[in-house]
Amino acid sequence: MPELPEVETVRRGLQDRVVGRRIETVEVGRERTVRRTSPRALIDGLTGTTVTAVDRRGKYLVATLDSGDAVMVHLRMSGQLLLADPTAPRPPHTHVVMHLSPDGDGAADLLFVDPRTFGEVVVFDPDHAAAEVPELARLGLDPLADPFTVADLWALVHPRRTRIKMLLLDQHLIAGVGNIYSDEILHRARIHPDRAADTLTRPAVRRLHQEILDVLGAAVRRRGSTLGDGQYVDLMGGSGSYQLEHLVYGRAGERCGTCGRGIIRRGVAGGRSYHWCPVCQRA
DNA sequence: AAACAAACCTGTGCGC
DNA sequence: TGCGCACAGGTTTGTT
């Protein structure tokens, strides 16, 4: 579900509403959510600590605690972090509850909700990050959080024969782009998703670079994309609106709004569906 | 190196 | 109404 813009929106919510607050009590309702360690490890690692910072790398959230530990949260397909009234009924599939110290608006619970249970929450020691959360070290460049130049993109694209759609989804190369945004980026850059990466011209890579930054930037300003199922919401339960800007994702069979002539097509690669306009995006 | 399938789960929407 | 199937924003692992 959530890609870079959605995770960044959640991060900003945590920065505004959770940094500086103490985690007073912790409940774990589903062991699978803390499968890397254990319910005990999460409870002991969080209880009594104060969140001092929240960072994002690709689709990973990493919060720093005043204990010296850190917390990694990955929402995967269906995870949500929600700030909730402690007296309100908890949503179905609430797997972790962190009761926070009061701020100006009183006490609150930070909930980790995740129907499909692919998501994960883990406390780790930053000094042993390479051993405890090795995937963080394997992430590629984050287009918004890191310097990310056309030369950087060229260096990733030029030596690879894989289809450009698959390259954009590879978190070891570029961190944060997922299925929705890769479709939108390629459409706006006028590049066919099946195009072999090493056949892209320098002007095409320049357009691709520009659209990676523009699409992700615009989507962050729109607070992400909330699709029809309403699964993605921000910390306060609010929807994003970038879905209103989608030009191809989820629009198979519709006339292309960019050229007014093509009919959006749908393909499957690596088990994921992708969408493009055969007129705007030539093979 | 690249492509694919399967695995991890639950929910929803669709055709019949 | 109910059943069965396809499909969903992610990532890892193992096989061709």
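So that the names make sense, note that chain A is the first sequence line, chain B the second, and so on, each numbered from 1.
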Student: Can you check the distance between B:dC4 and C:dC7, where both ends of the measurement are the P atom (answer in whole Å)?
Tutor: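 One P to the other, the span is 16 Å.
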Student: Nearest-nucleotide wise, let me know which of A:P159 and A:G271 is further upstream toward the 5' end of DNA chain B.
Tutor: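 Looking at the nearest nucleotide for each, A:P159 comes out on the 5' side.
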Student: Around atom CD of A:E254, are there more than 12 heavy atoms of other residues, nucleotides or ligands at under 6.0 Å?
Tutor: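 Enclosed.
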Student: More than 12 foreign heavy atoms under 6.0 Å from CZ of A:R261: is that the case here?
Tutor: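 No, not enclosed.
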Student: Looking at A:R272, I'd like to know whether one of its side-chain N or O atoms comes within less than 4.0 Å of OP1 or OP2 on C:dA8.
Tutor: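 Answer is no, no contact under 4.0 Å.
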Student: Could you tell me from which nucleotide to which nucleotide of DNA chain B, 5' to 3', there is an atom under 4.0 Å from chain A heavy atoms?
Tutor: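 Going 5' to 3' along DNA chain B, contacts run B:dA2 to B:dG11.
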Student: Measure from the side-chain heavy atoms of A:S273 and tell me the nearest of C:dA8, C:dT11, C:dG10.
Tutor: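 Taking heavy atoms from C-beta onward, the closest nucleotide is C:dA8.
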Student: If you draw a 6.0 Å radius around CZ in A:R206, do more than 12 non-hydrogen atoms from other residues or ligands fall strictly inside?
Tutor: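 No, the 6.0 Å shell around CZ holds no more than 12 heavy atoms from other groups.
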Student: If you assign each of A:G270 and A:R30 to its closest nucleotide in DNA chain B, which residue comes earlier from the 5' end?
Tutor: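 It is A:G270 whose nearest nucleotide is closer to the 5' end.
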Student: If you define the side chain from C-beta out and look only at heavy atoms, does anything of A:E132 sit under 4.5 Å from A:V122?
Tutor: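 When only atoms from C-beta onward are counted, A:V122 and A:E132 do not touch, as no gap falls below 4.5 Å.
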Student: For A:G176 versus A:Q171, what's the shortest heavy-atom pair and its separation?
Tutor: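 Nearest heavy atoms, A:G176 then A:Q171: N-OE1, 2.8 Å.
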Student: Give a yes or no on whether A:R36 atom CZ has more than 12 heavy-atom contacts from other residues, nucleotides or ligands under 6.0 Å away.
Tutor: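 Check passes, neighbour count above 12.
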Student: I need the OH-P distance between A:Y274 and C:dA8, as an integer number of Å.
Tutor: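 It works out to 13 Å between those atoms.
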Student: If you measure from the P atom in C:dG4 to the same atom in B:dC9, how many Å do you get, rounded?
Tutor: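 Looking at atom P only, C:dG4 and B:dC9 are 22 Å apart.
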Student: Which nucleotide, if any, forms a Watson-Crick or G-U wobble pair with B:dA1, using both distances under 3.5 Å?
Tutor: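 Paired with B:dA1, as far as the under-3.5 Å criterion goes, is no nucleotide at all.
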Student: Taking atom C1' of C:dT12 as reference, at what distance in whole Å does atom CE of A:M77 sit?
Tutor: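 The distance from CE of A:M77 to C1' of C:dT12 comes to 14 Å, rounded to the nearest Å.
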Student: Mind calculating the distance between CG (A:D170) and P (C:dT12) to the nearest angstrom?
Tutor: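 Distance check: A:D170 CG to C:dT12 P gives 9 Å.
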Student: Checking ring-ring contact (aromatic ring centres under 6.0 Å, His included) for the pair A:H209/A:F148: CA distance, chi angles, key distance, verdict?
Tutor: CA-CA 9 Å; A:H209 174 260; A:F148 179 66; 5.3 Å; yes
Student: A:R35 near the nucleic acid: base, sugar-phosphate alone, or nothing, with a heavy-atom cut-off under 4.0 Å?
Tutor: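 Answer is nothing: A:R35 stays at 4.0 Å or more from every strand.
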Student: Students often get this wrong, so: under 4.0 angstrom with heavy atoms, is A:L227 touching a base, only sugar-phosphate, or nothing?
Tutor: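 Base contact.
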Student: Which whole number of Å gives the distance between the C1' atom of C:dG10 and that of B:dA1?
Tutor: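 These two C1' atoms come out 23 Å apart once rounded.
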Student: Could you walk me through whether A:D66 and A:R22 satisfy the salt bridge (charged side-chain N to carboxylate O under 4.0 Å, His left out) test, starting with their C-alpha distance in whole Å, then the side-chain angles of each, then the deciding distance to 0.1 Å, before giving a yes or no?
Tutor: CA-CA 9 Å; A:D66 66 348; A:R22 199 174 101 100; over 6 Å; no
Student: Taking atom P in both C:dA6 and B:dA5, compute the distance separating them and give it to the nearest angstrom.
Tutor: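 Approximately 14 Å lies between the P atom of C:dA6 and that of B:dA5.
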Student: Could you let me know what B:dC9 is paired to, Watson-Crick or G-U wobble, both distances under 3.5 Å, or none if it's on its own?
Tutor: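 Check on B:dC9: unpaired, no WC or wobble geometry under 3.5 Å.
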Student: Let me know the distance between CD1 of A:I174 and C1' of C:dG10, rounded to the nearest Å.
Tutor: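 About 17 Å, once rounded to whole Å.
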Student: Can you check the A:M166 CE to C:dT11 P distance for me, whole Å?
Tutor: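 Between P of C:dT11 and CE of A:M166: 12 Å.
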Student: Tell me the interatomic distance from A:R138, atom CZ, to C:dG10, atom C1', rounded to whole angstroms.
Tutor: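 In whole Å, C:dG10 C1' and A:R138 CZ are 15 Å from each other.
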Student: Starting at atom CD1 of A:I180, determine the distance to atom P of C:dC7, rounded to an integer number of angstrom.
Tutor: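 From A:I180 CD1 to C:dC7 P: 17 Å.
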Student: Could you tell me how far apart A:R36 (CZ) and C:dT11 (C1') are, to the nearest whole angstrom?
Tutor: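 Distance, rounded to whole Å: 11 Å.
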Student: When you check the phosphate oxygens OP1 and OP2 of C:dT12, does a side-chain N or O of A:H172 lie under 4.0 Å from one of them?
Tutor: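 Yes, such a contact exists.
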